[in-house]
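Quantities reported herein were computed from a predicted structural model and do not represent experimental measurements.
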Amino acid sequence: MAAAGLSLHIGLNTVDPARYDGWDGRLAACENDAHDMAALARAAGFSDTVLLGADGTVENVTAALRAAADRLRDGDALLLTYSGHGGQVPDVTGADDEPDALDETLVLYDRQFLDDELNRELARCADGVRILVLLDCCHSGSGIEVRELLTPEALDAQFGTADPAGIEAASRLMPLVRQGAIYQRDKDFFQGLQRELRTGGGRPADAVLISACQDNQLASDGRVNGAFTGTLLDVWDRGAFRGDHRAFHRAILRRMPANQSPNLHVSGRPPEAILRRMPANQSPNLHVSGRPPEAFLAERPFTV
């Protein structure tokens, strides 16, 4: 039987201001990103689901991921793309997998979705499912320092504004003051959820993740696409690209500005042979903890 491919594409140009203390998180290009990635996936043979704006809730995202996990079997493929704001919340559980004591989040329409929640849903997939996750967002407030380093011309070229004070609003980072206020309001909920996720155990998801930037950088929005998604689409070139996942990441990296460097992670514990093939200057960014299929990294991206 031929392998099956399912894809989920989430794009949030706004969030619910009633759930974020009046902040609507307005961005310009996230819904375009989701539509364009869904078109790429369909052309590659995936059956796609698109969640935009008010449909991009925790309930809907969780339901879509669980439906995919129920259907996919060994050898099948799952593609997840997200374009929107990212954030962080303190992790009070002392888990070893968060050395910075912070959980990264996807800022969904109704609340922040913890990285451990995402891992839990992806880990429901059967062994041998090939999972590729593309995140066009940013999480760490340390990336704000870029506004002190770039010239007004460079700021305008990447973020669409020459005003350093406007960089936070022009990036895909949930504003730091807003992050702090929302966390204080919902601290009991998040701490309870974190304890539930820790005590529930479970294995790390076996997945390949390419994210829009390093931890100390910002992912910029755009007029048509986010900088990362737009560059990815250019590199893919309507399917003309013929390299594997590592070559795909490097090709995207070469076209991105120096202050936004997409990151390649492997979630899981790939066989030693795969690690030996990883380029030396990439290994510090490699997260290893599970067992994705041995040949996955050597495949052409978006292979069903």
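Residues that satisfy the ring-ring contact (aromatic ring centres under 6.0 Å, His included) test with Tyr20, not counting sequence neighbours, are Trp23. By the salt bridge (Lys or Arg N to Asp or Glu O under 4.0 Å) test, Arg185 pairs with Asp21, sequence neighbours left out. Every residue was checked against the salt bridge (Lys or Arg N to Asp or Glu O under 4.0 Å) condition with Arg300, not counting sequence neighbours, and none meets it. For Asp36, the side-chain hydrogen bond (donor to acceptor under 3.5 Å, both in side chains) test picks out Asn225, with sequence neighbours left out. Scanning for salt bridge (Lys or Arg N to Asp or Glu O under 4.0 Å) contacts around Asp48 gives Arg42, with sequence neighbours left out.
Of all the heavy atoms in Thr303 and Ala77, the pair that sits closest is O-CB, 3.8 Å. Residues Gly56 and Leu51 approach most closely at CA-CB, 4.3 Å, considering heavy atoms. Of all heavy-atom pairs between Asp136 and Gly226, the closest is OD2-CA, 3.8 Å. Taking all atoms of both residues into account, the shortest heavy-atom contact from Asn60 to Asp55 is ND2-O, 2.9 Å. Residue Leu218 comes nearest to Gln260 through the heavy atom pair O-OE1, 3.4 Å, listed as atom of the first residue, atom of the second, then distance. Listed here is the closest heavy atom pair of Gly86 and Val107: C-CG2, 3.8 Å.
Between the side chain of Asp76 and the backbone N or O of Arg73, at least one donor-acceptor pair lies under 3.5 Å. Looking only at distances, no side-chain donor or acceptor of Arg19 sits under 3.5 Å from a matching main-chain atom of Tyr109. Of the possible polar contacts, none joining the Glu104 side chain to the Asp115 backbone as a donor-acceptor pair under 3.5 Å is found. Thr62 places no side-chain N or O within 3.5 Å of a backbone atom of Glu59 that could act as its donor or acceptor partner. Without hydrogens or angle criteria, Asp24 side chain to Thr14 main chain gives no donor-acceptor distance under 3.5 Å. A distance-only check finds no donor-acceptor pair linking the side chain of Ser7 to the backbone of Ala41 [under 3.5 Å]. The main-chain N or O of Ser211 is never found under 3.5 Å from a side-chain atom of Asn263 such that the two would form a donor-acceptor pair.
Note: the hydrophobic cluster containing Leu232 does not contain Leu27 (ILVMFWY, side chain heavy atoms under 4.5 Å, direct or indirect links). Side-chain heavy atoms closer than 4.5 Å link hydrophobic residues (I, L, V, M, F, W, Y) into clusters, and following such links, possibly through other members, connects Val208 to Val304. Cluster membership for Met256 and Ile210, using ILVMFWY side-chain heavy atoms within less than 4.5 angstrom, is shared. Using a 4.5 Å cut-off between side-chain heavy atoms of Ile, Leu, Val, Met, Phe, Trp and Tyr, with links allowed through other members, Val224 and Met37 fall into different hydrophobic clusters. Hydrophobic clustering (ILVMFWY, side-chain heavy atoms < 4.5 Å, transitive): Val50 and Val58 are in distinct clusters.
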Please determine whether side chain to side chain contact (heavy atoms under 4.5 Å, CB included) holds for the pair Leu114 and Leu197, giving the CA-CA distance in whole Å, both sets of side-chain angles, and the decisive distance to 0.1 Å. CA-CA 10 Å; Leu114 301 182; Leu197 291 163; 4.1 Å; yes
Criterion salt bridge (Lys or Arg N to Asp or Glu O under 4.0 Å) on Asp221 and Arg26, from CA distance to verdict: CA-CA 10 Å; Asp221 196 30; Arg26 187 166 297 278; over 6 Å; no
Side chain to side chain contact (heavy atoms under 4.5 Å, CB included) between Asn32 and Thr229, worked out: CA-CA 10 Å; Asn32 286 344; Thr229 300; over 6 Å; no
Salt bridge (Lys or Arg N to Asp or Glu O under 4.0 Å) assessment of Glu299 paired with Arg246: CA-CA 9 Å; Glu299 285 183 353; Arg246 295 181 301 278; over 6 Å; no
Before you tell me yes or no, could you show the steps for Arg178 and Ile182 under side chain to side chain contact (heavy atoms under 4.5 Å, CB included), namely the whole-Å CA-CA distance, both residues' side-chain angles and the distance that decides it to 0.1 Å? CA-CA 6 Å; Arg178 189 69 57 178; Ile182 296 296; 4.2 Å; yes
Report the C-alpha separation of Tyr82 and Cys137 in whole Å, then their side-chain angles, then the decisive distance to 0.1 Å, and conclude whether the side chain to side chain contact (heavy atoms under 4.5 Å, CB included) test is met. CA-CA 8 Å; Tyr82 171 80; Cys137 60; 3.9 Å; yes
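For Arg223, the CZ atom is loosely surrounded, since the number of other residues' heavy atoms within 6.0 Å does not exceed 12. Counted within 6.0 Å of CZ on Arg71, heavy atoms from surrounding residues, nucleotides or ligands total 12 or fewer; the atom is thus considered open.
Here Cys213 contributes atom SG and Arg172 contributes atom CZ; the two are 10.5 Å apart, rounded to the nearest 0.5 Å. Interatomic distance, Leu253 CG to Leu264 CG, rounded to the nearest 0.5 Å: 10.0 Å. Thr231 OG1 to Arg254 CZ: the interatomic distance, rounded to the nearest 0.5 Å, is 12.5 Å. Note that the CG atom of Asp127 and the CG atom of Asp206 stand 6.5 Å from one another [nearest 0.5 Å]. The distance from the OG1 atom of Thr93 to the CD atom of Glu196 is 12.5 Å, given to the nearest 0.5 Å. With rounding to the nearest 0.5 angstrom, the NE2 atom of His85 is 10.0 Å from the CD atom of Gln179.
We find that Glu117 and Arg111 are joined by a salt bridge, their nearest charged nitrogen and carboxylate oxygen being less than 4.0 Å apart. Note on Asp91 versus Arg198: salt bridge recorded, some NZ/NE/NH1/NH2 to OD/OE distance being below 4.0 Å. Using a 4.0 Å cut-off between charged nitrogen and carboxylate oxygen, Asp244 and Arg250 do not count as a salt-bridge pair.
In this structure, Phe241 has its ring center under 6.0 Å from that of Phe248.
Proximity of Asp33 to His9: side-chain heavy atoms (C-beta onward) are nowhere separated by under 4.5 Å. Side-chain contact between Leu8 and Ile10 is present, with heavy atoms from C-beta onward closer than 4.5 Å. Contact annotation: the side chain of Leu122 approaches that of Leu78 to within less than 4.5 Å [non-hydrogen atoms, C-beta and beyond]. With a 4.5 Å cut-off on side-chain heavy atoms, Leu80 and Ile131 do not count as touching. Proximity of Met174 to Gln112: side-chain heavy atoms (C-beta onward) are separated by under 4.5 Å at one or more points. Inter-residue side-chain proximity for Arg255 and Val235 is flagged as met; some heavy-atom pair is nearer than 4.5 Å. Counting heavy atoms from C-beta on, the side chains of Arg238 and Leu233 never come closer than 4.5 Å. Residues Pro301 and Trp236 form a side-chain contact, since some pair of their non-hydrogen atoms from C-beta on lies under 4.5 Å apart.
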Using residues 186-194 as the side-chain source, report each donor-acceptor pair under 3.5 Å to any protein atom, sequence neighbours left out, with the distance given to one decimal.
{"unit_1": "Gln191", "atom_1": "NE2", "unit_2": "Tyr183", "atom_2": "OH", "d": "3.2"}
{"unit_1": "Gln194", "atom_1": "NE2", "unit_2": "Pro90", "atom_2": "O", "d": "2.9"}
{"unit_1": "Gln194", "atom_1": "NE2", "unit_2": "Asp103", "atom_2": "OD2", "d": "2.9"}

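Side-chain polar atoms of Thr57 and Asp110 form no donor-acceptor pair below 3.5 angstrom.
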